[in-house]
Amino acid sequence: MAVTKKDQLLPVIMREIANFKLTSIKTVKIYGKQIKTFDPNWYHNFDLYPQNNYDYSQSNKSKNNRNTSNDQVEIPKGKVSQTEFEEALRKCSETANSAYNRSSIYAHKIESAIKKLNSYIIAINYEILSKKGADKFQFATTLKQIQSDIKTLSEDSLEDLVISLDKKRKHLKNFTVALFGRTKAGKSTLRETLTRGNGSTIGKGSQRTTRDVKEYSWEGLRLLDTPGIEAYQGDDDTNKANDIIDQSDIVLFLTSDDSVQPGEFQAMAQLQKINKYFAVILNVKHDISNNLEDLKMFIDIPKMVFDEDRLSQHKNHIQSHIQEYLNLDNVDIVPIHAQSGFLSTKSEYQEYSSQLWELSKIEELYSLIAYQIYTHGKNLRLSTFADSLKNFINSINQKLAAAKSQLSVQLNFMEHKQREIEKIFAEIEKEGDRKIKDKCDSLYDLIENQIGNFVDNYSDMDINRRQREWKKIVNEKNIEETMKSCIEAIFSDLGEKLKEFEQEYEYDLKNIQIDMAMNLSNINKDDTGKWIKWGSVAVGAVGAAAFVAANWWNPGGWVVGAGLVTTLASMGGSFAGDWKKADDDKNYKKDIAKEKDSLKKQVKQKRDITIKAYEDSFFKNVIEYENKVVSQIKIYIQGLSEIIQKLDDSCHEIAKINKQMQEDFDKLK
């Protein structure tokens with residue numbers, strides 16, 4: 001036979017034992033076990049006369065380290081008086097005024113630093129792009145885009161800070177408590193209780209019952225009630241939630257004992273880092289509204305609802321989830337019964353109003369908050385301003401540092417590609433010079449080898465006939481056409497090398513863009529590894545998109561090999577140097593050896609002229625082409641280098657402002 005379920009059997013047993021009105025027994029231990037077994041299936045302890053006072057002396061002890069945002073205190077048994085609480089709120093208001101004034105001063109300092117940075121970048125681009133022909137370079141558009149992107153990055157962050165400070169200015173007198181939690185945890189019930197509502201906003205199911213942030217007053221506090229955290233839909237809801245955290249001095253998170261899920265804390269972890277006092281409200285969802293008997297049983301035996309064993313397990317799970325997702329240690333967890341608090345405000349439950357209110361434990365929640373304000377209120381108010389400013393400075397520094405990092409990657413990448421391009425042209429120039437000489441030598445060697453036969457065969461001819469025959473021999477070698485083909489082959493080889501370079505460039509570019517995107521995902525973490533969710537760090541525009549197109553090495557549609565000019569003199573225009581006139585030739589006694597030697601000298605001279613002519617033409621073309629490519633990339637590299645330096649200077653300047661700000665705020669504590 002199965003053992004009756006604990007939650008079904010316990011209320012009956014506890015009620016019946018209570019009816020005995022025993023005075024000699026303080027604690028009862030109930031066991032549940034099957035017949036023919038020795039080990040209990042479950043057991044439960046409860047006091048016949050429980051004390052309803054909740055002692056925070058153990059629950060609120062926390063270690064003071066950088067992984068927790070909570071102020072570590074030990075709650076005394078006495079409560080903070082109303083007078084003490086009101087005085088604490090007054091001092092908190094004074095502190096908020098001072099903190100706001102300090103924040104405004106440092107916001108202006110950072111604004112000046114940002115404006116100076118943007119002015120520098122504008123000046124750098126103007127100087128570079130004002131150079132003759134620079135506007136025709138593909139890099140011109142890229143540099144202008146970088147300038148625009150960095151300006152947008154910095155000014156967007158500054159706008160966030162201005163809006164944040166303006167919202168805080170409107171509530172300098174208010175100590176703000178934010179309430180987060182999942183849908184159906186009881187946030188609406190708690191709100192209706194605190195505002196003495198009629199229950200009209202209490203949800204009936206899984207719908208998102210609190211669609212907008214609700215603001216209301218509670219015992220001198222400003223309380224902001226947020227939408228159910230698991231129902232956030234995109235950036236708009238997330239930004240609203242981050243804005244609430246930014247405005248708040250204390251953050252409360254409401255969960256319930258019917259379903260403590262890691263997902264709700266994981267959703268909270270997706271928001272801005274919580275660097276404030278953070279506590280959890282554990283709403284015990286035991287329904288006492290079905291009948292009067294259930295309500296009386298709750299009043300008589302509250303331990304039936306506030307089951308220490310069961311709640312202890314929930315607390316352990318909550319602490320574990322908070323440590324894992326929010327990186328906070330030993331967070332205070334306050335059990336309440338929101339429904340009894342709400343019923344205590346209803347006229348039909350007036351007879352039990354005071355008992356229900358007391359058993360709801362909402363006063364104990366308020367006492368915890370009051371004590372935090374009494375002991376640490378000034379620092380909490382200071383932190384609300386200082387943390388916003390610090391988050392902003394971190395954000396702007398991260399954005400500028402990320403932009404610097406992205407541009408540095410580009411700079412290194414493009415410098416490497418410049419060296420590769422220069423190497424390609426150096427190889428082509430060396431190889432082209434060799435090929436021109438080799439081709440000329442091969443052609444003129446053929447001509448020179450025919451000198452002996454030519455002189456022997458045509459020595460008896462008159463000079464005009466000899467010149468015609470010699471010109472015929474030279475023209476047969478097609479020197480101009482052959483050398484032009486040689487040059488075209490060299491440039492064709494250059495084209496192939498550039499195509500290979502283009503393929504490698506595009507491959508390397510894709511890899512570097514992937515690496516940059518992966519590195520970008522880590523730029524918004526602090527030294528604890530916790531996310532800093534202050535707005536969006538939109539540095540992607542300054543990243544891979546700024547890389548130039550893959551055909552930047554073909555400036556202005558440059559055509560390789562264009563404009564070749566041959567200065568080769570006609571080889572057949574003259575013969576031997578001593579036979580310049582036909583009349584002189586008639587009376588000249590022919591010297592065969594001298595004639596051969598004269599022709600060899602002439603061939604050597606023409607060989608040198610031809611090599612120089614084609615080398616000059618080749619180098620003029622290839623150097624002009626190289627200069628256009630390299631000068632263009634140098635302009636881009638120069639712009640990147642100067643912008644990176646200014647970003648670095650600005651990061652150092654903002655870091656100094658941050659240090660001054662922290663020292664100044666420390667003086668207010």
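Side-chain atoms of Ser388 and Lys168 include a donor-acceptor pair closer than 3.5 Å. In summary, the side chains of Asp649 and Gln645 do present a donor paired with an acceptor at a separation below 3.5 Å, with no hydrogens or angles considered. Under the 3.5 Å distance criterion, with hydrogens and angles disregarded, a donor-acceptor pair is assigned to the side chains of Gln82 and Glu86. With hydrogens and angles left out, the side-chain atoms of Glu264 and Thr255 include a donor and acceptor closer than 3.5 Å. Using modelled atom types and a 3.5 Å distance limit, the side chains of Arg381 and Thr95 yield no donor-acceptor pair. Between Asp243 and Gln247, the side chains place a donor N or O and an acceptor N or O closer than 3.5 Å (distance only, hydrogens not considered). No side-chain donor from either of Ser148 and Gln145 sits under 3.5 Å from a side-chain acceptor of the other. Side-chain atoms of Ser119 and Lys115 form no donor-acceptor pair, as typed in the model, at a separation below 3.5 Å. Counted by atom type alone, Asp258 and Ser256 present one or more donor-acceptor pairs between their side chains at under 3.5 Å.
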Check step by step if side-chain contact (heavy atoms from CB on, under 4.5 Å) holds for Leu179 and Thr226. CA-CA 6 Å; Leu179 179 61; Thr226 65; 5.8 Å; no
For Ile369 and Leu252, run side-chain contact (heavy atoms from CB on, under 4.5 Å): C-alpha distance rounded to whole Å, both residues' side-chain angles, the deciding distance at 0.1 Å, then the answer. CA-CA 10 Å; Ile369 296 172; Leu252 302 178; 3.8 Å; yes
Checking Phe85 against Tyr366 for the ring-ring contact (aromatic ring centres under 6.0 Å, His included) test, could you report, in this order, the C-alpha distance in whole Å, the side-chain angles of both residues, the deciding distance, and whether it holds? CA-CA 11 Å; Phe85 181 62; Tyr366 181 78; 5.7 Å; yes
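When all heavy atoms are compared, the tightest approach of Gln372 to Leu380 is O-CD1, 4.1 Å. Contact between Gly341 and Ile362 at its shortest, heavy atoms only, is CA-CD1, 4.2 Å. The shortest heavy-atom contact between Ala338 and Leu190 is CB-N, 4.4 Å.
Salt-bridge formation is not detected for the pair Asp387/Lys276: no Lys NZ or Arg NE/NH1/NH2 atom is positioned less than 4.0 Å from an Asp or Glu carboxylate oxygen. In summary, Lys667 and Asp664 do not engage in a salt bridge, as defined by a charged side-chain N under 4.0 Å from a carboxylate O. A salt bridge links Glu94 with Arg90: at least one charged nitrogen is closer than 4.0 Å to a carboxylate oxygen. The pair Asp257-Lys285 fails the salt-bridge criterion, with no side-chain N (NZ, NE, NH1 or NH2) lying under 4.0 Å from an Asp/Glu carboxylate O.
When ring centroids are compared, Phe265 and Phe253 come within the 6.0 Å threshold.
Within a 6.0 Å radius of NE2 in His171, more than 12 heavy atoms belonging to other residues, nucleotides or ligands are found.
Here ring pair (Phe, Tyr, Trp, His ring centres under 6.0 Å) pairs that include residues 86-120, with residues two or more places apart or in two chains, number zero.
Ring geometry, Tyr371 versus Tyr374: the interplanar angle falls from 30° to 60°, so the pair is classed tilted.
Atoms CG and CD1, from Leu117 and Ile654 in turn, are 7.5 Å apart once rounded to the nearest 0.5 Å.
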